[in-house]
Amino acid sequence: MIAPSTNNSAPAVQVEHLTVSYGPSPALLDISFQLEPGQLVGVIGPNGSGKSTLIKSILGIMKPDLGEVRLFGVPSEKARRSVAYVPQRGAVDWDFPVTVEQVVMMGRYGQIPWWAWGPSHEDRRHVDDALQTVRMEKFRHRQIGQLSGGQQQRVFMARALAQGADILLLDEPFAGVDAATERALLDVLDSTKRAGRTLIVVHHDLATAAEYFDSLLLIKQRLFAFGPPQQVLQPELLSEVYEGSLKAFEHLRNVANGGRS
Ligand SMILES: Nc1ncnc2c1ncn2[C@@H]1O[C@H](COP(=O)(O)OP(=O)(O)O)[C@@H](O)[C@H]1O
Ligand SMILES: [Mg+2]
């Protein structure tokens with residue numbers, strides 16, 4: 001695995017008074033938090049609460065109305081190379097005729113100089129390493145449209161790893177994958193974290209959130225809570241944010257009491 005390139009004492013991610021709108025009312029309002037490097041952080045909140053908008057703001061592709069995002073001390077719009085993005089599956093055109101290997105090589109394009117004829121040995125090595133890490137090397141010549149949902153997620157994870165970015169943003173990577181794939185992906189996220197990278201993962205399943213993440217961000221337009229899972233997964237807080245629409249309530253009561261699934 002590629003070692004993180006940044007050796008900076010600034011926080012990996014610093015969000016300050018972030019306010020973002022698509023229309024008249026803000027999707028995110030006055031969000032502030034900061035993350036030290038080497039953490040696996042979950043983003044939770046109901047549908048439409050602004051989770052994907054937060055990811056896009058950290059990525060630097062949404063312009064805030066107010067506030068700012070800094071990555072290792074650099075404004076996010078100038079720090080695109082330090083961050084990699086694994087989009088929500090619905091946001092990708094799976095009929096696009098590219099192979100697994102080509103998708104992962106796209107992660108290297110930022111590093112390939114314009115005068116080069118093609119990928120270098122080093123680019124190829126990063127692509128091979130990334131495909132091995134997610135165990136997709138046997139599928140390298142397969143068209144992406146001919147993969148299962150879980151395999152597609154692993155390919156996009158490989159693309160993010162091949163990019164060598166220190167911060168990885170994943171939008172609902174476990175949506176629509178089977179339990180074995182979820183476990184395999186989680187192992188990749190864990191080993192990526194242990195290599196010193198920072199991962200921010202939008203997650204829809206509150207029942208597994210405490211087990212998977214070091215800390216959680218609970219958002220619904222505003223940041224309702226940020227901290228260790230046991231601190232964030234409080235029934236009172238969740239019923240306020242989810243407005244009682246929560247199925248896994250009894251289970252979460254156990255989590256809040258310090259129990260683990
Ligand atoms: N492209 C867009 N144009 C207009 N409104 C949008 C757009 N994307 C998201 N929104 C709105 O912003 C809010 C937050 O959306 P989003 O960040 O996608 O939430 P989540 O990922 O938590 O489901 C929602 O009210 C949504 O309808
Ligand atoms: Mg979303």
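This is a predicted model, so every value here is computed, not measured. We count ligands from 1, going down the list as the structure has it; atoms in each ligand are counted the same way. If you read the sequence from its start, that first residue is 1, and numbering goes on from there.
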Are Thr19 and Asp65 close enough that a side-chain donor and a side-chain acceptor fall under 3.5 Å? no
Going by heavy-atom distance to atom 19 (O) of ligand 1, choose the closest among Ser25, Ala27, Gly50. Gly50
Select one of side chain, backbone, both or neither to describe which atoms of Ser52 lie under 4.0 Å from any atom of ligand 1, heavy atoms only. both
Hydrogens and angles aside, do Tyr85 and Gln163 bring a side-chain donor and acceptor to less than 3.5 Å of each other? no
Can you tell me which residue and heavy atom of the protein come closest to atom 25 (O) of ligand 1, and the distance to 0.1 Å? Gly48 O, 3.8 Å
Can you establish whether the number of heavy atoms outside Arg125 located under 6.0 Å from its atom CZ is more than 12? yes
Numbered atoms of ligand 1 (with element) below 4.0 Å of Thr53, judged on heavy atoms: 14 (C), 15 (O), 16 (P), 17 (O)
Salt-bridged, Arg124 to Glu101, with N to O below 4.0 Å? no
Before giving the answer on salt bridge (charged side-chain N to carboxylate O under 4.0 Å, His left out), spell out for Asp171 and Lys56 the whole-Å C-alpha distance, their side-chain angles and the decisive distance to 0.1 Å. CA-CA 10 Å; Asp171 203 343; Lys56 287 172 190 164; over 6 Å; no
Heavy atom of protein closer than 4.0 angstrom to atom 6 (C) of ligand 1: yes
When you measure from atom 8 (N) of ligand 1 to every protein heavy atom, which one gives the shortest distance, and what is it? Tyr22 CZ, 3.2 Å
Ser52 and Gln88: side-chain donor and acceptor closer than 3.5 Å? yes
Under 2.8 Å: N/O/S of Thr53 next to the Mg ion (ligand 2): no
Under 4.0 Å to a heavy atom of Pro46 - the qualifying atoms of ligand 1, by number: 22 (O)
Enumerate the atoms of ligand 1 whose separation from the nearest heavy atom of Ser49 is less than 4.0 angstrom. 19 (O), 20 (P), 22 (O)
Classify the ring geometry of Phe174 against His203: parallel below 30°, tilted from 30° to 60°, perpendicular beyond 60°. perpendicular
